[in-house]
**Student:** 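Let me begin by handing over the structure; questions about it come next.
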Amino acid sequence: MNEQTNNHEIQLLGRITLRGTLTALTGLHIGGSQTGLSIGGVDLAVVRNSFTGEPYIPGSSIKGKMRALLERALNMPLQVSVRKKTRSQTVKVHYCTDAGGYGQCPLCNVFGIATGGRMPDTPRQNEIVNFPTRLIVRDARMNAETRRKLEENLNTDMPLTEVKTEVVIDRLTSMANPRQIERVPAGAKFDFEIVYNLYRDPEDFQWFKYLIAAMGLLEGDFLGGQGSRGYGQVKFENVTPTLEWFDGKDHTLEALEETKSIQPSEQLKTLWPKIAKERGLQP
Ligand SMILES: [Zn+2]
């Protein structure tokens, strides 16, 4: 794969935009800054828009969790990556380390690769892999009706949220050590938007199913913190896909079947056997 080839492959052919509702089926805690803005003295506050004070779901939280779940499900090789503040700490994530592998990798192609456009293990600077990110997940704003209902509700502990007390019991003294966690109550709805850009025909069209699978995996898992304690179960609802074409062609590709009716958990059941076969996963 050479630079010239790559430059020829970045024409934006079209895009699929998914819009709908992301509903919190259980209380949702996506942590915000614990300094300054935390009002009401809770131990763990949720992230809020600084202008409106509304809790929102960062696109990075949705995208990051979907990627992590898909990485695990696909059993992708992990590399030691981002260094944290203290230099001794490292994080293991998957990213492709050579252009050839990247070309075949639905994960890196769909979710992107944070290497500044250069393959980490590529010795020569001119081997630039210039595939732009396909997936854009926007911050999900609280739905206007949810906001209105929560504003009218006198049972909220803090503006638009509830505070739940979690208790750790000391096993020797039986003493309860409570801490207060702010969360968006179950039933709250957020307006989400996911954009899937199409650059390569047919790969990108076929890889769209990995996005639906990742959405399905997220529904079966959780978003935000305290997930093993019941928080963060979410569901994508009323998903409306919009297809736009920029290359003047009529694309009638198989992958677009997946946009007909988007119900990620349901689709995952039929998509996963296909994906497992495609990726050579052991049954
Ligand atoms: Zn990869």
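We count ligands from 1, going down the list as the structure has it; atoms in each ligand are counted the same way. Only heavy atoms go into these numbers, but all of them, side chains included; no hydrogens, no water, no symmetry mates. Throughout, numbering of the chain's residues begins at 1 and tracks the sequence.
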**Student:** Taking ring pair (Phe, Tyr, Trp, His ring centres under 6.0 Å) as the criterion, tell me which of Phe111, Phe208, Trp207 meets it with Tyr196.
**Tutor:** Phe208
**Student:** I'd like to know if the side chain of Glu219 reaches the main chain of Ser265, judged simply by a donor and an acceptor atom lying under 3.5 Å from each other, with no hydrogens or angles considered.
**Tutor:** yes
**Student:** Regarding Arg48 and Thr161, is there a side-chain donor-to-acceptor distance under 3.5 Å anywhere?
**Tutor:** yes
**Student:** Short question: side chain of Asp157, backbone of Val163 - any donor-acceptor pair under 3.5 Å?
**Tutor:** yes
**Student:** Test your reading of the model: is there a side-chain donor-acceptor pair from Thr26 to the backbone of Gln233, 3.5 Å cut-off?
**Tutor:** yes
**Student:** Would a distance-only check, ignoring hydrogens and angles, find a side-chain to backbone donor-acceptor pair under 3.5 Å from Arg67 to His94?
**Tutor:** yes
**Student:** What protein N/O/S atoms lie closer than 2.8 Å to the Zn ion (ligand 1)?
**Tutor:** His94 NE2, Cys96 SG, Cys105 SG, Cys108 SG
